[in-house]
Amino acid sequence: MQLPQLHRYATRPGLFFTADGGADVVARSETAEQLWFSVLEPLEAPSKFFNEAVRLPDSAEYSLIEQMRRYPICTRMLKGMRMRETLFRMDGPRYGLWYLHLPKAWTGMHYGYRADGAWDPEHGLRFNPYKFLLDPYGKGIEGAMALDPAPFAYECAIEDGLVRGDAWGSMSTLDSVGKMPMSVAIDDRDATKHDADPSHPHVPWSKTVIYELHVKGFTANATWLPEEKRGTYAGLADPITLSYLQGLGVTSIELLPIMAKQPEVFLQEHGKTNYWGYSTLGFFAPEPSYATETARRGGAQAVRREVIEMVRALHDAGFEVIMDVVFNHTCEGGNEGPSMCWRGLDNVSFYRHPAGDAGRLEDTTGCGNTIDFTETHNITFAVDALSYWAKRIGIDGFRFDLGVSLARLNGDFTPYHPFLYALRSDPMLGNLKLIMEPWDVGPQGWRTGQFLSPFAEWNDRFRDATRRFWVSQTADPSHPQVGMQEMATRLCGSADLFATDPGRGATNSVNYITCHDGFTLNDLTQYAHKHNELNGEQNRDGSTNNNSANFGVEGPTDDPLVAQMRERVCMDLLGTLLLSLGTPMLLAGDEFGNTQYGNNNAYCQDNELTWLGWDWLIDESKTPQFRRMESVSRLIAVRKSLDIYNHEGFFTRLSQLGLLKQSSRVQWQLPDGTTPIERDWFDLSRRAFTMRLRGNDEQDVLIVVNGGSDDRRFHLPADAQWHLLWSSTESQGERPSPGTAIERVEFGPEPSLWPQTSPPSYDPDQAPVFPAVTTLGAAEQLVRESRAHAAQDGAHAHDLPLPGQDLHGGRHSRWPVEPDRPPTEHAGPVEMPDRLDTAIRANVSPAACPSVPVVRPESYAEPAYLDDQAPNVWTVPALSINILLQEQRPED
């Protein structure tokens, strides 16, 4: 009988359904001696392959491998799993590809591979046909790896919860089926010839505001959702969730990885999970644990459908969906890790190895292995996966984790890497948003600004400069590190980093203050040290260079003045982020003050510590969290309304010699109205200045920065009148004002509409409540446990306070508490000299960290103005960033 013609995509690996009810199966392995395709069926149902397969006897006379090699199609009973396994010997290799036409195939079919070949670990060959392997191109995954010796290709044992064995020792003969996840076939043929392809929103870069969130953590505590939708794809697609995101004003939702994941062995040994998801198990399959229970019961196809519906709901609401992807390594880890897929199929070709030592793995990721992107087939694999997510799922862009590892040739980074050209030249992917994390942990791995057009990049220089200016130097002004020149460069889009290619502009700089990796915004101002004890690594994990400060008290406090200082600095950080040229990225929760209690590496914390708390949203009146959220929303609206931010280029001119020259579209002034001279730019104590963005056809904009600890008078440009659009101090009841005093704004009680959004079944009396002056339930218990373990291990906890307790043993408020002051009948200008400086110095308690002294240098004294009655004198609150708009353009 003549075999049906192979699928037109048979030169690419994968499982392709055919018109005869079967499927063409194509797999790649350049070093295997034989491949088998394995189909798993339940014993309770008749086999689809009864007439073709030879049943293997239950005999100890011959090993499984000996029997497999005898027959082209054979089947055996897996009584412990109540399943049968049918094995199809594949034909090949043909230029590294193996082929099979499967006579019957169906959506929901569980399958995998087995590979036979040399066991020679010293030369990188780790074939073991006893190991059930996932399909690298599988579109669905069900099940999880058990911490058991079976998934490991070498002989090992589990002793006291730890894997013990020699990865270079003997080959294991334990069958891993049943202890491994399974690939699931999904028939996604489009009978309408792609008429239903997704319509990408394509938000212009110049209008993009990115919002980074975790699918589960964002809605795990969402009070407006019924229980079954919390922490799921469906929860993110809920109309109320979408309404919140629209109200905030962001345009592009960046999801932490939603590809199928597998916790690293280290985490499994310690009973933890990889919450962030940067440990990929399947590059085509979505993570099933984020789906609703109903979808999970429906299988991989139902999970995939829920993901597609989430993306379409976000599109319908006007949002782009950007997906964080991890193509630098896999969940298999180092040589000591399990054989789940790539290691068992083609370890030599898939992973990078040092020259002349194929037995070892290169690791520029810190995760044990690195995918070899000098291999054309691995580039094809990655492009196929990205195209699938973009075309079939509807993803609008990708952020590449540890992007430098994807662009190393012979160990060295190059922006001309074939993978980067493959992305930019692809007719679909090249038109989506492509964002690089421009570093890895390999040699010379920090490459910010060195990826060329069309790639955008996370700008860590923006992050560090902004943190130093507003956090470190505010807490310790005696050691300035960042002055006006550095801040001006970052406000203008970081031309020093990104004006390296004619096609690049300010929008290629993805500006951010915080992201999933590190402190939250609130924690930047509450902790001088990281507190990762709960992670179980004796607080040795996570970065120690955070540019953070505690402003006198490590952790939460009930001191209202310290709390006010922290809130002020947080709003300055947010203001700088959203008023700078470039593409801003906001971390979910920072808009209302989310905290992780000092944990700056919460990758393994899938609990209340990392799940966002939304109780502030259902309060009958507007809470301080609500007011911060409103202020951020107003600022985003201001940014989106100004044409000046639609300018994608730099406010500099690039001469033919490649020299950066100042543009006439940006002008700088000191508070006294004069233009800075050269020594001013290099004076690190200069913390007050005005940035004027001149429009072509639109009104000019002023960004007024007062980084000093006192209210300060500014002589604004006298050729126009100005009105305030937004100030970082408004949420605290202050804003700039014409004249010699700031304006005080009193907040009266305002009702909140959000309590009405809770589902009918929601009972606030039964819900976990986290009021500001009480303990924090599950989060408190977690921190208590971490301190107890730290004490047992002799670890230094840096006197980590419990939620609800400051270092003196008192209760705390997570939010600013207004100090007692005489009631006023109306809001008006009020003199408040030295207020913040006094607040800092008055609250250096015995609990203050010695590394964060609070002093006041003479250079911050209020300057003497020659004429306070001059036109356009405004008084600007201390520690503030403000944006003003020209009333009307002067006559040309």
Side-chain angles (χ1 to χ4, degrees), residues 2-28 37-41 45 48-49 52 86 88 90-91 97-113 134-142 182-200 233 258-260 282-288 291 295-296 298-313 315 321 323 380-396 426-429 432:
Q2 185 177 0
L3 288 175
Q5 184 177 358
L6 282 175
H7 193 280
R8 62 192 177 98
Y9 292 135
T11 56
R12 293 282 180 89
L15 188 149
F16 307 97
F17 284 83
T18 53
D20 63 351
D24 288 333
V25 180
V26 185
R28 171 167 292 282
F37 185 78
S38 169
V39 178
L40 300 175
E41 300 173 281
K48 300 289 196 301
F49 312 107
E52 295 91 347
T86 303
F88 298 82
M90 301 185 72
D91 183 25
L97 293 177
W98 298 77
Y99 299 90
L100 169 73
H101 180 72
L102 194 66
K104 296 181 182 66
W106 59 95
T107 288
M109 179 180 71
H110 295 88
Y111 73 96
Y113 292 95
L134 291 170
D135 179 6
Y137 277 75
K139 296 181 174 66
I141 290 178
E142 292 181 10
M182 301 171 288
S183 294
V184 182
I186 296 177
D187 186 355
D188 65 344
R189 288 176 293 179
D190 192 346
T192 62
K193 300 300 181 186
H194 313 307
D195 289 346
D197 279 357
S199 177
H200 299 286
Y233 301 116
I258 61 171
M259 290 178 176
F283 289 92
F284 288 77
E287 171 55 34
R296 293 197 302 271
Q301 186 180 29
V303 170
R304 178 179 179 270
R305 171 51 53 187
E306 188 172 309
V307 175
I308 292 174
E309 290 175 352
M310 173 195 71
V311 173
R312 288 181 177 174
H315 284 176
V321 183
M323 194 168 85
T380 301
F381 169 73
V383 171
D384 285 349
L386 295 167
S387 298
Y388 171 77
W389 283 95
K391 193 168 187 65
R392 289 293 197 234
I393 309 300
I395 300 300
D396 307 296
D426 186 275
M428 177 174 57
L429 298 178
L432 302 181

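Please read these numbers as outputs of a predicted model, since none were measured by experiment.
- The distance from the CZ atom of R304 to the OG1 atom of T107 is 9.0 Å, given to the nearest 0.5 Å.
- The line from CH2 of W98 to CZ of R28 is 12.0 Å long, rounded to the nearest 0.5 Å.
- In this structure, CD on E41 lies 5.0 Å from OG1 on T86, to the nearest 0.5 angstrom.
- In plain terms, the two heavy atoms of Y137 and G14 that are nearest each other are CB-CA, 3.9 Å.
- Counting all heavy atoms, side chain and backbone alike, A390 lies closest to L432 at CB-CD1, 3.6 Å.
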Criterion side chain to side chain contact (heavy atoms under 4.5 Å, CB included) on S387 and M428, from CA distance to verdict = CA-CA 8 Å; S387 298; M428 177 174 57; 4.0 Å; yes
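- The distance from the CG atom of L97 to the CG atom of D91 is 11.0 Å, given to the nearest 0.5 Å.
- Between Y388 and F284, the ring planes lie tilted relative to each other; the angle falls in the 30° to 60° range.
- For the atom pair D187 CG and M109 CE, the distance stands at 10.5 Å (nearest 0.5 Å).
- When all heavy atoms of F88 and L100 are compared, the pair lying nearest together is CB-CD2, 3.6 Å.
- Between the side chain of E142 and the main chain of G299, no donor-acceptor pair closer than 3.5 Å is present.
- Of the possible polar contacts, none joining the D24 side chain to the V26 backbone as a donor-acceptor pair under 3.5 Å is found.
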Assess whether side chain to side chain contact (heavy atoms under 4.5 Å, CB included) is satisfied between H101 and T18, documenting all intermediate values.
-> CA-CA 9 Å; H101 180 72; T18 53; 3.5 Å; yes
With side chain to side chain contact (heavy atoms under 4.5 Å, CB included) as the test, would you mind laying out the steps for I258 and W389 before giving the verdict?
-> CA-CA 11 Å; I258 61 171; W389 283 95; 4.0 Å; yes
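- Relative ring orientation between F283 and F381 is described as perpendicular, the plane-to-plane angle rising above 60° on a 0-90° scale split at 30° and 60°.
- M182 and H110 get closest at one heavy-atom pair: CE-CD2, 3.5 Å.
- Atom-to-atom distance recorded for D188:CG and I308:CD1 is 8.5 Å, nearest 0.5 angstrom.
- Contact detail for K139 and P286: the closest heavy-atom pair is O-CD, 3.8 Å.
- Between D135 and Y111 the shortest heavy-atom distance is OD2-OH, 2.7 Å.
- Under the side-chain contact (heavy atoms from CB on, under 4.5 Å) criterion, A291 pairs with Y233, A295, R296, V303, E306, sequence neighbours left out.
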